[in-house]
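Down below is the structure, laid out as structure tokens.
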Amino acid sequence: MTAAMMAVACYPLIHHETARRWIPAWSFLIFGLIEIGAGVSGSPFFPTVQAIVLPLLVLSTVLHADSLPGSLLEWAPIRWIGRISYSLYLWQQL
């Protein structure tokens with residue numbers, strides 16, 4: 001639910017330079033380290049940290065598609081997996 005709320009709140013900002021200044025390209029590394037650190041530490045707040053940080057990771061790649069993480073997610077095989085991801089989810093349930 002947190003990711004959906006963040007997506008709705010940030011959607012109007014995606015095409016403005018203000019959002020790119022708030023979340024710079026190097027923030028992907030910081031968010032990734034926070035996610036790994038919270039997971040390794042065994043913090044009881046890990047689910048909350050994860051619910052906040054993962055959408056920010058995705059947002060940083062959307063805002064900076066020309067960065068390395070954004071370029072990797074724009075790679076054709078990864079885009080194809082993204083298109084069929086719901087189908088993969090349904091097959092996993094079987």
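In this structure, Phe45 has no ring-ring contact (aromatic ring centres under 6.0 Å, His included) partners at least two apart in sequence or on a different chain. In this view, Thr48 and Ile52 satisfy the side chain to side chain contact (heavy atoms under 4.5 Å, CB included) rule, not counting sequence neighbours.
Grouping the Ile, Leu, Val, Met, Phe, Trp and Tyr side chains by contacts below 4.5 angstrom, directly or via other members, places Leu88 apart from Leu90. Follow the hydrophobic side-chain contacts under 4.5 Å out from Leu73 and you never reach Leu54; the two are in separate clusters.
Each salt bridge (charged side-chain N to carboxylate O under 4.0 Å, His left out) pair with one or both residues in residues 37-62, not counting sequence neighbours, would appear here, but there are none.
The minimum heavy-atom distance between Pro69 and Phe28, with the atom names listed, is CG-CD2, 3.4 Å.
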For residues 31-38, tabulate all N or O donor-acceptor pairs below 3.5 Å that involve a side-chain atom, not counting sequence neighbours.
unit_1: Glu35; atom_1: OE2; unit_2: Gln50; atom_2: NE2; d: 3.3

Tell me which donor-acceptor pairs under 3.5 Å the side chains of residues 55-65 have, and how far apart each pair is, sequence neighbours excluded?
unit_1: Ser60; atom_1: OG; unit_2: Leu57; atom_2: O; d: 2.7
unit_1: Thr61; atom_1: OG1; unit_2: Val58; atom_2: O; d: 2.7
unit_1: His64; atom_1: NE2; unit_2: Ile23; atom_2: O; d: 2.6
unit_1: His64; atom_1: NE2; unit_2: Ala25; atom_2: N; d: 3.4

Donor-acceptor list for residues 78-85 side chains, cut-off 3.5 Å, not counting sequence neighbours:
unit_1: Arg79; atom_1: NH1; unit_2: Glu74; atom_2: OE1; d: 3.4
unit_1: Ser85; atom_1: OG; unit_2: Gly82; atom_2: O; d: 3.0

